[in-house]
Amino acid sequence: MITRLNDRRIVAGKTGWVRNGDRWTITRVHTDGSVTARRAGYRFGASIVLPAPYVAERLDLGYAATAHRSQGITVDTAHVLVTESMTRENLYVGLTRGRQHNHAWVALDQPDDQRHTAHPATARDVLEAVLRNQGAEPSAHQAKQDEHDRWNRVDHLVAMHQEIYQAAMAERWASLIDECGLSQEQAEQVRRSDAYGPLCGELARMDTATGRTPESTLPVIVASRSLDDADDVAAVLYRRVHAVNDNPRPGATRGRASQPYVLGLGPQTTGPIRDDMKTSLTEIEARLRQRAKELAQQAVRDHESWLVALGTRPADAHAARQWDQAVQAVAAYRERWNIAGSQPLGLPSTDPVQQLHATRVRGALVSAEQATQSAGRMAQSETRRPSSPALSL
């Protein structure tokens, strides 16, 4: 047991009076609620009788205590129960109490409401979350800086962008449905259909990945065949648009469709969008790019271990730009998904959104590698090229 209140009136022989944090072994429990206890580490003597009120209010279990109450206690072996809500300061206290052994037991059955990914947390995820969870009270200056950083983090900016983008696209698709050649009754049926959401998703895919514009393509699809006998107009349109998207124009993956995403994070603002929403989206996209640059510069300054996998920045100007873009994309990805460690993209994820983001970032890495290799081949070709013979006059 552990005593939790200094009391100079209770003395355990030559070992001194009872102090907060002292450990004891109970040797006898009395009917009035008091206990006889011997100070830990002593086989004989060093015994006291703790009164019932003290036992009820100031005596705790010695084998299980909070990290706050563990401060100052030293034991042979410490076992720490770790959850995502624990702070890194408490984890440090818990894992430094044991003289010989310190064990961390990570709880995976306590979901965190702040976790936005679909995959279950691993022990590594929980420990990384604890290390990011600072419990010490910051100074006023630090609190102001932390709040500024929180609002400019990639994950926060992406959430803002997605919310505005989805609202902007909702208005765009609703207007398109009204103007694509459907009757008023058919347009109302489309908006009420369960297939309306998937249809909007296919229109967004057309806009960002096929080289076509929904405003010019959907009217053609509507006019291609009659919809008068369709039980669900939205479902029919979904199948037609999906078929068109699966057969992109030759070269449609180049040009405008090659840059549909901001750092691989989310769709870039395209198409007719309400002016105020477009302004907000472009401002957030600019902040995302600036944040990625800052993170990349910080990673280079700090010689982050994950940069080793990207190699040295090439001397060739074009290859260097590709390398810079890849570093920025990786840096943004790591902050978006809270990645730590030496692997640029961390461990594989089961979250489909994160998987898609990782695929886009890998594309940036491949482009950087290809540009570096191409620059290297050109440099070797220049060194092997024979010099022109000197002209004699």
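The structure presented is a predicted model; accordingly, all values stated were derived computationally and were not measured. For this chain, numbers begin at 1 and follow the sequence in order.
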Separation between CD (Glu285) and CG (Leu288), nearest 0.5 Å, reads 7.5 Å
Nearest atoms (heavy-atom pairs only) where Leu182 meets Val233: CD2-CG1, 4.1 Å
Taking the side chain from Asn6 and the backbone from Asn20, do they hold a donor-acceptor pair closer than 3.5 Å? yes
Shortest non-hydrogen contact from Ile177 to Leu199? CD1-CD2, 4.1 Å
Any non-hydrogen side-chain atom of Val330 less than 4.5 Å from a side-chain atom of Val327? no
Using atom types as modelled and distance alone, determine if a side-chain donor or acceptor of Asn133 lies under 3.5 Å from a backbone N or O of Val130. no
Under the side chain to side chain contact (heavy atoms under 4.5 Å, CB included) test, which residues partner Arg321, sequence neighbours left out? Ala317, His318
Hey, what do you get for CD (Glu283) to NE2 (His161), rounding to the nearest 0.5 Å? 11.5 Å
Looking at Arg172 and Glu215, is any side-chain nitrogen of the basic one under 4.0 Å from a carboxylate oxygen of the acidic one? yes
Under 4.5 Å between side-chain heavy atoms, counting indirect links through other Ile/Leu/Val/Met/Phe/Trp/Tyr residues: same cluster for Met1 and Val11 or not? no
Are Met206 and Glu202 packed together at the side-chain level, in the sense that at least one heavy-atom pair is separated by less than 4.5 angstrom? no
So how far is it from Gln354 CD to Leu345 CG, rounded to the nearest 0.5 Å? 9.0 Å
Applying the side-chain contact (heavy atoms from CB on, under 4.5 Å) criterion to Leu203, which one of Leu237, Thr217, Leu176 satisfies it? Leu176
Applying side chain to side chain contact (heavy atoms under 4.5 Å, CB included), can you list everything that pairs with Ser34, at least two apart in sequence or on another chain? His30, Asp32, Val49
Applying salt bridge (charged side-chain N to carboxylate O under 4.0 Å, His left out), can you list everything that pairs with Arg153, at least two apart in sequence or on another chain? Asp155, Glu335
Close side-chain approach of Pro344 and Tyr333, heavy atoms under 4.5 Å: no
Is the closest side-chain heavy-atom distance between Asp228 and Gln186 below 4.5 Å? yes
If the condition is side chain to side chain donor-acceptor pair (under 3.5 Å), which residues does Ser280 pass it with, not counting sequence neighbours? none
Grab the two heavy atoms, one from Ala368 and one from Ala326, that are nearest each other, plus how far apart they are. CB-CB, 3.8 Å
Around Arg99, counting heavy atoms of other residues, nucleotides and ligands shown, do more than 12 lie under 6.0 Å from its CZ? yes
Thr282 side-chain N/O to Thr279 backbone N/O, donor-acceptor pair under 3.5 Å: yes
Does any part of the side chain of Val80, heavy atoms only, come nearer than 4.5 Å to the side chain of Met86, both counted from C-beta? yes
Is it possible for you to say whether Val236 and Val220 belong to one hydrophobic cluster, with membership spreading through side-chain heavy-atom contacts below 4.5 Å? no
Would you indicate whether the side-chain heavy atoms of Val154 and Leu295 approach each other to under 4.5 Å? yes
Could you grab the distance from atom CG of Leu227 to atom CZ of Arg240, nearest 0.5 Å is fine? 4.5 Å
How far apart are the closest heavy atoms of Asp316 and Ala375, and which atoms are they? CB-CB, 3.5 Å
Kindly write out the residues that satisfy salt bridge (charged side-chain N to carboxylate O under 4.0 Å, His left out) with Asp276, not counting sequence neighbours, or none if the list is empty. Arg274
Pairs where residues 5-19 contributes a residue and the test salt bridge (Lys or Arg N to Asp or Glu O under 4.0 Å) is met, not counting sequence neighbours: Asp7-Arg9
Working to the nearest 0.5 Å, report the span between OH of Tyr196 and CD of Gln189. 13.5 Å
Taking the side chain as every heavy atom from C-beta outward, state whether Ile10 and Pro51 have any pair of such atoms under 4.5 Å apart. yes
Sequence neighbours left out, what passes side chain to side chain contact (heavy atoms under 4.5 Å, CB included) with Val55? Give chain and number order. Val35, Leu50, Leu59
With the side chain counted from C-beta on, respond yes when Leu91 and Leu131 share a heavy-atom pair under 4.5 Å apart, and no when they do not. yes
Whether the side chain of Ser224 engages the backbone of Ile221 through a donor-acceptor N/O pair (distance < 3.5 Å, no angle test) should be reported. yes
Tell me the closest heavy-atom pair linking Ala104 and Val82, and the distance in Å. CB-CG2, 4.1 Å
Search all heavy atoms of Ala107 against all heavy atoms of Leu81 and return the closest pair with its distance. CB-CD1, 4.3 Å
Taking Ala319's backbone N and O only, do any of them form a donor-acceptor pair with Thr372's side chain (distance below 3.5 Å, no angle check)? no
Under 3.5 Å: donor-acceptor pair, side chain of Arg97, backbone of Val93: yes
To the closest 0.5 Å, what do you measure between CE (Met160) and CG (Leu281)? 10.0 Å
Contacts of Asp229 meeting side chain to side chain donor-acceptor pair (under 3.5 Å) (sequence neighbours excluded), chain-then-number -> none
Under the 3.5 angstrom rule, does the side chain of Arg334 hit a backbone N or O of Gly341 as a donor-acceptor pair? yes
Those residues at least two apart in sequence (or on a different chain) that pass side chain to side chain contact (heavy atoms under 4.5 Å, CB included) with Arg39 are Ala12, Thr15, Asp22, Trp24, Tyr42, Ala46
Whether His79 and His103 hold their rings parallel, tilted or perpendicular, with breakpoints at 30° and 60°: parallel
His101/Asp76 under side-chain contact (heavy atoms from CB on, under 4.5 Å): CA gap, chis, key distance, verdict: CA-CA 7 Å; His101 303 285; Asp76 293 334; over 6 Å; no
All N/O donor-acceptor pairs, side-chain side in residues 299-314, below 3.5 Å, sequence neighbours left out:
residue	atom	partner	partner atom	Å
Arg313	NE	Asp324	OD1	2.9
Arg313	NH2	Asp324	OD2	2.8

Which residue pairs pass the salt bridge (Lys or Arg N to Asp or Glu O under 4.0 Å) test with at least one member in residues 183-193, sequence neighbours excluded? Asp178-Arg191, Glu188-Arg191
Can you tell me which residue pairs pass the ring pair (Phe, Tyr, Trp, His ring centres under 6.0 Å) test with a partner in residues 213-246, sequence neighbours excluded? Tyr238-His242
